[in-house]
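Letters A, B, ... are given to chains in the order of the sequence lines, protein chains preceding strands, and every chain is numbered from 1.
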Amino acid sequence: MSEETNSTDSPMGPTGPSAAEAREEMLKVYPKKTLRKRGKQMLVNESPGSPAEIGANSRTVPGIITQRGCSYAGCKGVVIGPIYDILHITHGPIGCGWYSWLSRRNMTKIRAKGEVNFLQYSMSTDMQEDHIVFGGEKRLEAAIQEAYDEFHPKAISVYATCPVGLIGDDIHSVCRKMKEKLGINVFGFSCEGYKGVSQSAGHHIANNGVFKHMIGLDDTPVEAKYKINILGEYNIGGDAWEIDRILALCGIKIIGTLSGGVSYDEICNCHMADLNVVMCHRSINYMAEMMEQKFGIPWFKVNFIGLEGTKKSLRKIAQYFGDKELVDRVEEVIAAEMAEVRPVVEDVKTRTTGKTAALFVGGSRAHHYQDLFQDMGMQVIAAGYEFAHRDDYEGRDVLPHIKVDADSRNIEELEVKADPERFNTRNTQERKKELEGEEFAFSDYEGMMRQMAKDTLVIDDISHHEMEKLIDLYKPDVIGSGIKDKYVIEKMGVPCKQLHSYDYGGPYAGFKGAINFFKEIDRMTSSKIWKLARAPWRDTGEAQAEKSEAVPA
Amino acid sequence: MLDGTTAEIRERQHLRVNPAKTCQPIGAMYAALGVNKCMPHSHGSQGCCAYHRSQLTRHYKEPVVATTSSFTEGASVFGGLANLKTALDNIFTIYNPDIVSVHTTCLSEVIGDDIPMIIKKATEDGIVPEGKLVIHANTPSFVGSHVTGFANQCKAFVTYLAESSGETKNVVNIFPGWVEPADMRELKRLAAGVGVEFILAPDTSDVLDTALDGEYRMYPDGGTSIPQLKAMGDSFLTVSLGPLSSKPAAEALEKKCKVPFKDLEIPYGVAATDAFIDALRLAGDTAVPKELEKERGRLVDMISDMSQYLHKKKVAIFGDPDHLTSMVSFLVEMGMEPAIVISGTPGKKWEQNIRNICAPVNPDVEVRAFSDIHFLHQWIKNNPVDLVMGNTYGKYVAREENLPFIRFGFPIMDRVGHRAFPTVGYMGGMRIVEKITDAMFDKRDREDPDHEVELVL
């Protein structure tokens, strides 16, 4: 973070102890084993240039109030769920399908009249006790048939929940059988909730399934000069549409956005792109790697959250294609868009500069959103992911050093080989070599910690207790988190911006999104409501306050 | 909107489409939040707990804390004993509740974890501090619905905690059923109004509708206290509201402590509220205060004033069995015509009961338990109605069919009134009359041709 904009010299904001003291304070309540475990997941960012090792992607300690969800949520809920014209069936008791029904804000529009947006539907085999006892394969097979008869989708996908794995239902053989019978694509995901340590396992399982069952199915050429895919953008609050708008102005064609607002056909055709750019590294880096291995499509990390991030990302894409026409066009678009943004950010900054924020969300957002706060002159004093891995904190250069534990080993690693016909048909690998000579980074992600200020706090999978302590100690001006924490934080008089659902606002990506975000944070950090929290007589009329307290007792 | 939904109804046997229910554990979590200084604990994968907390939070816009055993693949194979013991150690050390209420999930049910045995072991190992309690409820997700989970949790309060000292006290137990914090508050006001001493359990008022005063309390003031739960065994009567959500607890209390019970419906509308008030009056040998009778009269007056607009209006309604039984009765009281009544929760007897309630106004009412919103929508396409009532998911149907829509039941994720204003009691009845007429009038005011717009309605 930029030091110049801070109103204080302290990396942890104007009040409160040092990050190291706060860390001690947060840890001291824990039983010994928990303390050891949490201690590894909580660091003071002492050397941003060469980040220390963080204990990320490790098991949640039982009994800790965690933000984390499960593998099913990561697979169905995050990565595959947003594909609107696949009919999604949850195989299991009713709950999982119900909770994941429209509860993530991956917005979508049907492409043509007559299409069905299956995201408005929740479909489940609604397993009952006898299916658990006698097996649910027949039930699943019949459910797929009924779904087909009723809706005639172009593809059906099936998601396994915890009991399905335990009773040994073979969802994949059912899917293969129904694929043959119905003549449409039917495929399954073994994303039982107990797999892995968080949603992250589900992302990986989803990447594998999408790669195996969709990518590369349709070789129809795409007529466009600059063709890319955006990987790891889920169109929360319409973010993908804002990115679409900007790239369209630049003349860049997006074949597929995986997987926000995307269609089945677009995914099947997206290997025709010349470049993959990655937004959410955590949830989709597997796909970027596999597509490069099989089709030779290079990838690099981008970030369309924040003004600087957006500009940098656009310029890098232009540089990749290397056409002067595109490079110039990108600069024109940036100039035009910035003319609109500048007065807003200048105005907002007069109120937000020097304010503090803390971010605990996702596998990318806790990093990406630091750019937006930086744009507003705000200071991020603490941040952490909910389900990220070490590389998301420390950068991809740690990948060779990450120990594969039992929980990760259970998630399949696909062996991908170059496609003999379709690899390297677009000269993309030559272009990559050429650029690498010019220090242009591919397959890159430097992680969150390098961007954070020295001596700020980094907390992986923050617990409820740690969040409470953080607020007690620092009273940040705003916290970015999720639905489960939101009202805990706000009861303490600190506004909380949900960065999973955007509090039903957005978009926050790109230039217009940045304007929305600046205005929103300005509203939240200037709101008068927090001042009303304390009744006036609590501070003035002591006798009365005591009396009123005596009543309920 | 819902463009795949056609008027052609196929009888589905194996596929649930747009469910009108969810799974047991969330009901157990909600009930456990209604106990003072109680930490609900989900014994399974952490995703269950995350989903339940998220959904309850979306409904209440309040902190919902609960812990989880965070199963991994290993725990799923070897059993959850170690996870639950570690969890209890952490919960008592870090969050210091007075009681932990463990509920199971499909995962721990399928592997067959013996929770009482684990609790016993944890206690023997000194993990449960002196004076602290750990109880449990089995809540398999593949049986019943979220309402069953609520009922099982309420029953667990009784089986674990209720005691009879041998001395009967002049106190009435009230099991409120799955109603909102505002409803719990209103039930207490009504019971106090009638002048009986009572214990309400669970009680989520002042837990899930707390003040914003700058301070966060993990365990707010509200919730039935443990001494109250214990003392329920000494009460002379239990009034249980809602056969599905409350009766199992009332039965268990009768069995365990010989407290007789009166099995009533949730007091929505005139007659159901009358039954509740009357039961308390008779039990306490008190008189119904004038104020309460006036309140009743104001509800009857409002229905009478609006009856021309309510008469024979066809209603499509979905939700939970106990809620529906009372609300459908209320619709009938108002002269409306329940056309289709759908519950996701299984229950043949309930179906017959609804048919009996509707018989005077609509003997042909379509009633289905263990059904879903997709069926309701298709049925509406074939049989036009005037109003849709149900949880937030109903808004997609109402929008597609351009029908007035009343949010009712669980969850309501897109409006705030349900947690602040009661649906139970006479006041709650007035709120429902207001909501129904508002919704229908708003549509008229917006859509009627200019020459038909009425100033006065």
Side-chain angles (χ1 to χ4, degrees), chain A residues 29-31 34 59-66 68-70 72-73 93-95 97-99 103 116-117 120-129 132 139 142-143 146-147 149-151 162-163 166-167 193-195 197 406-407 410 464-465 468 483-484 487-488 490-493 533-534 552, chain B residues 1-4 10 12-19 21-23 26 44-48 50-51 53-55 57-58 61-65 67-76 83-84 86-91 93-95 106-107 110-111 141-143 210 212-216 221 396:
Chain A
V29 64
Y30 290 136
T34 307
R59 290 181 184 178
T60 315
V61 183
I64 287 280
I65 302 177
T66 170
R68 282 178 173 178
C70 67
Y72 167 87
I94 197 66
W98 189 80
Y99 300 112
S103 49
V116 177
N117 173 8
Q120 290 159 1
Y121 294 84
S122 164
M123 304 203 201
S124 166
T125 52
D126 191 4
M127 284 172 98
Q128 301 296 299
E129 195 154 19
I132 300 289
R139 171 87 163 175
E146 286 183 359
D149 294 343
E150 180 106 17
F151 296 101
C162 294
L166 293 174
I167 64 173
Y194 54 76
K195 290 200 169 154
V197 301
D407 298 308
N410 290 337
H464 177 103
H465 160 73
E468 258 196 86
I483 181 77
K484 296 187 287 296
Y487 301 101
V488 173
E490 299 204 334
K491 289 288 180 204
M492 298 172 87
R534 211 168 157 77
Chain B
M1 193 57 70
L2 298 170
D3 295 323
R10 294 165 183 276
R12 284 170 283 118
Q13 300 296 320
H14 307 282
L15 180 74
R16 182 69 60 219
V17 183
N18 297 352
K21 65 163 178 184
T22 181
C23 62
I26 194 171
S45 301
Q46 68 207 5
C48 310
Y51 272 145
R53 289 179 62 207
S54 299
Q55 208 70 335
T57 305
R58 291 182 185 113
K61 318 251 181 274
E62 284 288 305
V64 174
V65 292
T67 48
T68 163
S69 292
S70 292
F71 272 48
T72 55
E73 200 148 0
S76 308
N83 284 51
L84 185 49
T86 308
L88 288 172
D89 187 22
N90 280 310
I91 294 165
T93 312
I94 305 164
Y95 304 114
C106 36
L107 174 51
V110 169
I111 64 174
S141 317
F142 40 80
V143 176
T210 63
L212 192 142
D213 61 3
E215 202 179 315
Y216 167 70
D221 302 340
Y396 292 81

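Counting heavy-atom pairs under 4.5 Å between each of A:Arg534, A:His464, A:Lys195 and chain B puts A:His464 at the top. Taking chain A as the reference chain and counting heavy-atom pairs below 4.5 Å, the highest number among B:Gly44, B:Gly4, B:Ser70 is found for B:Gly4. Comparing B:Gly74, B:Pro19, B:Ser54, B:Cys48 by how many heavy-atom pairs each has under 4.5 Å with chain A, the most go to B:Pro19. Per-residue heavy-atom pair counts under 4.5 Å with chain B were compared for A:Pro163, A:Ser124, A:Pro62, and the maximum is reached by A:Pro62. Between chain B and the residues A:Met492, A:Glu490, A:Glu150, A:His465, the most heavy-atom pairs under 4.5 angstrom are made by A:Glu150. Contact tally against chain B (heavy-atom pairs below 4.5 Å) for A:Glu146, A:Met123, A:Gln128: the top residue is A:Glu146. Between chain A and the residues B:Thr72, B:Ile26, B:Asp89, B:Thr57, the most heavy-atom pairs under 4.5 angstrom are made by B:Thr72. Contact count against chain A (heavy-atom pairs under 4.5 Å) is highest for B:Leu2 among B:Leu2, B:Val110, B:Ile94. Of the residues considered (B:Leu84, B:Val64, B:Thr210), B:Thr210 shows the highest number of contacts with chain A, using heavy-atom pairs under 4.5 Å.
At a threshold of 4.5 Å between non-hydrogen side-chain atoms, the residues B:Ser76 and A:Leu166 count as touching. The closest side-chain heavy-atom distance from B:Tyr51 to A:Tyr72 is below 4.5 Å. Between A:Tyr121 and A:Val116, the closest side-chain pair of non-hydrogen atoms falls below 4.5 Å. By the 4.5 Å heavy-atom criterion applied to side chains, A:Ile65 and A:Glu468 are not counted as neighbours.
Ion pairing between a basic and an acidic side chain is recognised when a charged N comes within 4.0 Å of a carboxylate O; B:Lys21 and A:Asp126 show such pairing.
Evaluation of the side-chain contact (heavy atoms from CB on, under 4.5 Å) rule for B:Cys23 yields A:Ile94, A:Tyr99, B:Pro25, B:His52, B:Ser141 as partners, not counting sequence neighbours.
Between the side chains of A:Thr125 and A:Arg139, no donor N or O sits under 3.5 Å from an acceptor N or O.
Contact annotation for A:Arg59: only side-chain heavy atoms (C-beta onward) come within less than 4.5 Å of a heavy atom of chain B. Heavy-atom distances place no part of A:Asn117 under 4.5 Å from chain B, backbone and side chain included. For B:Gln46, the parts lying near chain A are the backbone and the side chain together; criterion is any non-hydrogen pair under 4.5 Å. The contact between A:Ile132 and chain B is made entirely by side chain atoms (from C-beta outward), counting heavy-atom distances below 4.5 Å. If you measure heavy-atom distances from A:Phe151 to chain B, the contacts under 4.5 Å come from the side chain alone.
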Evaluation steps, side-chain hydrogen bond (donor to acceptor under 3.5 Å, both in side chains), between B:Asn90 and A:Thr34: CA-CA 8 Å; B:Asn90 280 310; A:Thr34 307; 2.5 Å; yes
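Taking the six-membered ring where the residue is Trp, the centroids of A:Tyr487 and B:Tyr216 are separated by 6.0 Å or more.
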